[in-house]
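Note: hydrogens, waters and symmetry copies are ignored here, and every other heavy atom, side chains too, is used. Starting from 1, each residue takes its place in the sequence as its number.
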Amino acid sequence: MATSRDWVRQAGTSEHLPCIEAYFQGHGYAPHRHDTYAVGCTLAGVQSFRYRGEHRHSLPGQTLVLHPDELHDGHAGTGEGFRYRMVYVPPALLQSMLGGRPLPFVAGGITADPRLAAPVRSLLQRLDAPPDPLEEDDALFDLAEALSAVAGSAARRRPCDWQAAERARHFLHAHLHASGPVTLADLEQASGQDRWRLSRDFRALYGTSPYRYLLLRRLDLARRLITLGEPLTEASAAAGFFDQSHMTRRFVQAFGLPPARWARMRGQDDVPCTIVQDAGAAGT
């Protein structure tokens, strides 16, 4: 039965990709079905549910992937209750990236495959802060590809449109300093190529996604400015980051140490700094 300790919170009011975090001490949900993929992870406890005629148990570190229109329920597997996050992804949105391939089906609804963990974790971060639009599109693309790979779907090779990808790359360079978000819709317009075809081609031609490419070029710019003696606050703004803490967090993720420490290692001992983040605490 439900208890007074149960709670649910939602990421804003987004209807594009609804995302929740919830805790249930006992009974969670009666049998129901979604017309979306429900993908997420158990954060604490044992998340138990019936799915396709069998009783399943999800543990922290595993990824949940419930296929559209599949009946399931939810309840705590132990007396400690369970906490989880879930994002609901419309099949039509994934189909834009799958290009007509059948929807991937992950048997059992639970997997420990690391290929799915990263994009799901990225999509679930919308509960902590509004996502960067390009970063979100990046995660959706990775999710579609990972679902296909984990489900055993065969990938189809297509020729790359190098000229369209080059136009997109030049557009990214022209917007390094912009503080506003760059979206795949922007790149689609700049390149003249469908956004999902462009995303595939960009990865094949340049070895990373448009989002990662833009992020790393901005970090390169910030690093150059810091080397020239720019204060961290000014360097982060000039490189298109929201603020210094945003730049610091991304800097550590990309380079493994905070920018203030990097500047000191480069001999820039007088670089002003109001936020110094320990590399070990920032994660990767």
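- The cationic atom of R169 (NZ for Lys, CZ for Arg) does not lie both less than 6.0 Å from the six-membered ring centre of F202 and within 45° of the ring axis.
- In this structure, the side chains of T42 and V46 stay at 4.5 Å or more apart for every pair of heavy atoms.
- Nearest heavy-atom pair across R203 and D138 is NH2-OD1, 2.6 Å.
- In this structure, the ring of F82 has its center less than 6.0 angstrom from the ring center of Y84.
- Between D35 and D69 the shortest side-chain heavy-atom distance does not fall below 4.5 Å.
- Here the CG-CZ distance, from L43 to R83, works out to 4.5 Å after rounding to the nearest 0.5 Å.
- In this structure, G240 and R218 approach most closely via the heavy-atom pair O-NH1, 3.9 Å.
- Atom CG of residue L98 and atom CD of residue E145 lie 7.5 Å apart, to the nearest 0.5 angstrom.
- A distance of 10.5 Å separates OG of S236 from CG of L221, quoted to the nearest 0.5 Å.
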- Query: When you look at H72 and F49, which way does the ring-ring contact (aromatic ring centres under 6.0 Å, His included) test go after all the steps?
  - Reply: CA-CA 6 Å; H72 62 281; F49 57 99; 7.2 Å; no

- Derivation and outcome, side chain to side chain donor-acceptor pair (under 3.5 Å), residues Q244 and T233: CA-CA 5 Å; Q244 181 183 328; T233 301; 2.8 Å; yes

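- Taking the six-membered ring for Trp and thresholds of 30 and 60 degrees, H67 and Y37 have ring planes more than 60 degrees apart, a perpendicular arrangement.
- When the side chains of ILVMFWY residues are joined at heavy-atom separations under 4.5 Å, either directly or via intervening members, W162 and L187 end up in a single hydrophobic cluster.
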- Where do I110 and T63 land on the side chain to side chain contact (heavy atoms under 4.5 Å, CB included) test, with the steps shown first? CA-CA 6 Å; I110 302 173; T63 302; over 6 Å; no

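- Under the 4.5 Å side-chain criterion, counting only non-hydrogen atoms from C-beta, L214 is not in contact with H175.
- D6 places no side-chain N or O within 3.5 Å of a backbone atom of G28 that could act as its donor or acceptor partner.
- Here the closest heavy-atom approach between residue D73 and residue H75 is recorded as OD1-ND1, 4.4 Å.
- In the model, T111 has no side-chain atom that pairs as donor or acceptor with a side-chain atom of D113 under 3.5 Å.
- Between H34 and H32, the gap from one ring centroid to the other is short of 6.0 Å.
- For H57 and H55, the gap between ring centers is short of 6.0 Å.
- The CG atom of L140 sits 9.0 Å away from the OG atom of S122 when rounded to the nearest 0.5 Å.
- Distance alone, capped at 3.5 Å, is enough to place a donor-acceptor pair between the Q62 side chain and the L59 backbone.
- By the 4.5 Å heavy-atom criterion applied to side chains, W196 and L184 are counted as neighbours.
- Although no hydrogens or angles enter the test, the distance criterion places no donor-acceptor pair under 3.5 Å between the side chain of D201 and the main chain of L198.
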- Please report the C-alpha distance between L93 and L17 in whole Å, then the side-chain angles of each, then the deciding distance to 0.1 Å, and finally whether the side chain to side chain contact (heavy atoms under 4.5 Å, CB included) criterion is met. CA-CA 10 Å; L93 185 58; L17 282 173; 4.0 Å; yes

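- No donor-acceptor pair under 3.5 Å is formed between the side chain of R85 and the backbone N or O of C41.
- Hydrophobic cluster membership differs between Y23 and L127, with clusters built from Ile, Leu, Val, Met, Phe, Trp and Tyr side chains linked at under 4.5 angstrom.
- The minimum heavy-atom distance between M86 and G40, with the atom names listed, is SD-N, 3.4 Å.
- Enclosure of atom CZ in R56 by more than 12 non-hydrogen atoms of other residues, nucleotides or ligands within 6.0 angstrom is indicated.
- Contact of the L172 side chain with the Y213 side chain is registered, since non-hydrogen atoms from C-beta on lie closer than 4.5 Å.
- P181 approaches P133 most closely through the heavy-atom pair CB-CD, 3.5 Å.
- Residues Y88 and V39 fail the side-chain proximity criterion, which asks for heavy atoms closer than 4.5 Å.
- Ring orientation note: the planes of Y29 and F24 are nearly perpendicular, at an angle over 60° on the 30°/60° scale.
- In this structure, R167 fails the cation-pi test against F171, since its NZ or CZ atom is not both closer than 6.0 Å to the six-membered ring centre and inside 45 degrees of the ring normal.
- Contact of the L147 side chain with the F105 side chain is not registered, since no non-hydrogen atoms from C-beta on lie closer than 4.5 Å.
- Taking the side chain as every heavy atom from C-beta outward, I20 and R9 never approach each other to under 4.5 Å.
- More than 12 heavy atoms of other residues, nucleotides or ligands sit less than 6.0 Å from atom CD of E70.
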- Item | Evaluation steps, side chain to side chain contact (heavy atoms under 4.5 Å, CB included), between R250 and L215 | CA-CA 8 Å; R250 297 302 194 184; L215 173 62; 4.0 Å; yes

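- The distance from atom CG of L216 to atom CZ of F255, rounded to the nearest 0.5 Å, is 6.5 Å.
- A donor and an acceptor atom, one from each side chain of E166 and Y206, are located under 3.5 Å apart.
- Nearest approach of P259 to M247, heavy atoms of both residues: CG-SD, 4.1 Å.
- A side-chain donor-acceptor contact under 3.5 Å links E188 to the backbone of R195.
- The CZ atom of R200 sits 12.0 Å away from atom CG of D161, with the distance rounded to the nearest 0.5 Å.
- No donor-acceptor distance shorter than 3.5 angstrom exists from the side chain of R121 to the backbone of L124, with no hydrogens or angles considered.
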